[in-house]
Amino acid sequence: MQILVTGGAGYIGSHTCVELIKAGYQVVVVDNLCNSKISVLDRVATITGTSLPFIQIDLRDRESLEQVFSEYQFDAVIHFAGLKAVGESVAEPLRYYDNNVEGSLVLFQVMAAHGVKNLVFSSSATVYGDPATVPILEDFPLAATNPYGRSKLMIEEMLRDVATSDPAWCIALLRYFNPAGAHESGLIGEDPNDIPNNLFPYVAQVASGRRELLSVYGDDYPTIDGTGVRDYIHVVDLAIGHVKTLVRLLSKEAGVMAYNLGTGCGSSVLQMIQAFEQASGRRIPYRIVARRPGDIAVCFADASLAQRELNWRAERSIEQMCTDSWRWQAMSEDRFSFA
Ligand code: NAD
Ligand code: UD1
């Protein structure tokens, strides 16, 4: 089975390539490397012992994408490629709609033209906006609070229309909660180009000494210790979730399915700091600052649908996320000896 992975050089994409190859799939990656490095794919090859074809293109380059589809016979596409920084999307909405929505549109058109109608799409828990209750179920109302989230919602809606128009499409919308951690080899992980926006990479950089201090955004939420609560999921569990989804898709269940990929448990910012301190043996200096605009108090998944229908469940603990993330941070900075 041959799978096209868009954005396969990125954080979640690279881990998914590893799990796909381990499960016996042949993987082809397209990526424009706007937020990743080609060396990641060498590391995927080192981990798996298999090199994978890579074509550096932008999804909006229809002609080049057509060529890729002419060259390979894909059984399915896993579509990760997109921009993902919320703040940036507020500052540059047109760039986000152009890249995420237009890139997806061209991809789906080329897929349709080549009769490739099995698709796994990277959506996000952000499509639930500020949920009225937790845990969050897949049939909760959808809302977007920023252009990034709106681009995900637009793509979800586009895909629903596509499936309605042509019952040959099999589409899975995977709504990720908070991906964290790294591959246990320490060879691949999250490697943000700029100052990290998300908690996990920021904490890892404070632990390594690359950044001085973590700002904790608010300690007056109605949560266990006043700090925000999220559902952190190990990126390898997430990657395995894609393989399980593919198995279901390729069994030819037509239509659109949406699944939450989370653990079903929430952890606060202070709990995560403590877990990271234990895993790394380093102190994480922090100070409490004002709430970050747009943040919600609590967000965690009800992931029982994925368990029932995909036979998937997150298995790795917060401790493992911290240990793996720290190993990756330490190895990639090449400055610390890691026991
Ligand atoms: P990432 O930035 O590490 O990976 C995305 C990859 O897509 C990068 O390698 C980038 O170079 C590539 N890319 C972007 N635009 C492209 C284009 N037009 N053409 C070709 N390649 C392009 O991000 P990630 O964390 O691996 O996220 C993967 C997907 O999952 C994204 O769609 C993201 O929105 C979604 N998601 C991520 C998170 C998260 O916290 N990481 C949470 C929910 C959803
Ligand atoms: C963010 C995005 C969301 C996206 C998700 C996964 C925003 C507003 N939302 O969500 O759209 O789907 O990432 O990529 O960016 N925190 C700190 N200090 C920091 C960083 C974060 O205290 O330096 C806190 C936050 O307030 C939050 C928790 O840590 O309570 C997690 O934050 P983050 O990792 O950015 O994820 P989300 O806010 O869930």
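Counting starts at 1 for both ligands and their atoms, in listed order.
Contacts of Glu190 with ligand 1, taken as heavy-atom pairs under 4.0 Å, are absent altogether. Counting heavy atoms under 4.0 Å from ligand 1, residue Asn100 does not touch it at all. Counting heavy atoms under 4.0 Å from ligand 1, residue Ile57 touches it through the backbone alone. Contacts between Ala125 and ligand 1, counted as non-hydrogen atom pairs separated by less than 4.0 Å, are absent for every part of the residue.
Taking every heavy atom of Tyr148 and a limit of under 4.0 angstrom, the matching atoms of ligand 1 come to 33 (C), 34 (O), 35 (C), 36 (N), 43 (C), 44 (C). Applying the 4.0 Å criterion to heavy atoms of Cys34 picks out, from ligand 1, the atoms 10 (C), 11 (O), 13 (N), 14 (C), 15 (N). Ligand-side atoms of ligand 1 in range of Gly7: 6 (C), 7 (O), range being under 4.0 angstrom from any heavy atom. Atoms of ligand 1 lying under 4.0 Å from at least one heavy atom of Leu59, given by number and element, are 17 (C), 18 (N), 19 (N), 20 (C).
Given atom 40 (O) of ligand 1, the protein heavy atom at minimum distance is Pro179 CD, 3.3 Å. Looking only at protein heavy atoms, the nearest one to atom 26 (O) of ligand 1 is Ile12 N, 2.8 Å. Nearest protein heavy-atom neighbour of atom 4 (O) of ligand 1: Gly10 CA, 3.4 Å. At the top of the distance list for atom 8 (C) of ligand 2, counting protein heavy atoms only, stands Asp295 OD1, 3.6 Å.
Side-chain contact check for Tyr232 and Thr263: no donor-acceptor pair (N or O, by modelled atom type) lies under 3.5 Å. Side-chain contact check for Glu88 and Tyr148: no donor-acceptor pair (N or O, by modelled atom type) lies under 3.5 Å.
Heavy atoms of Ser124 approach ligand 2 to within less than 4.0 angstrom. Distances from ligand 2 to the non-hydrogen atoms of Cys299 include no value under 4.0 Å. Within the 4.0 Å heavy-atom shell around ligand 2 one does not find Tyr128.
Considering Ile233, Leu107, Asn32, Asp61 only, the shortest heavy-atom separation from atom 22 (C) of ligand 1 involves Asn32. The closest heavy-atom contact to atom 31 (C) of ligand 2, among the options Tyr232, Tyr286, Tyr176, Tyr11, comes from Tyr232. Comparing Phe200, Phe121, Phe80 by heavy-atom distance to atom 32 (O) of ligand 1, the nearest is Phe80.
The aromatic rings of His242 and Phe80 sit tilted, their planes meeting at an angle between 30° and 60°.
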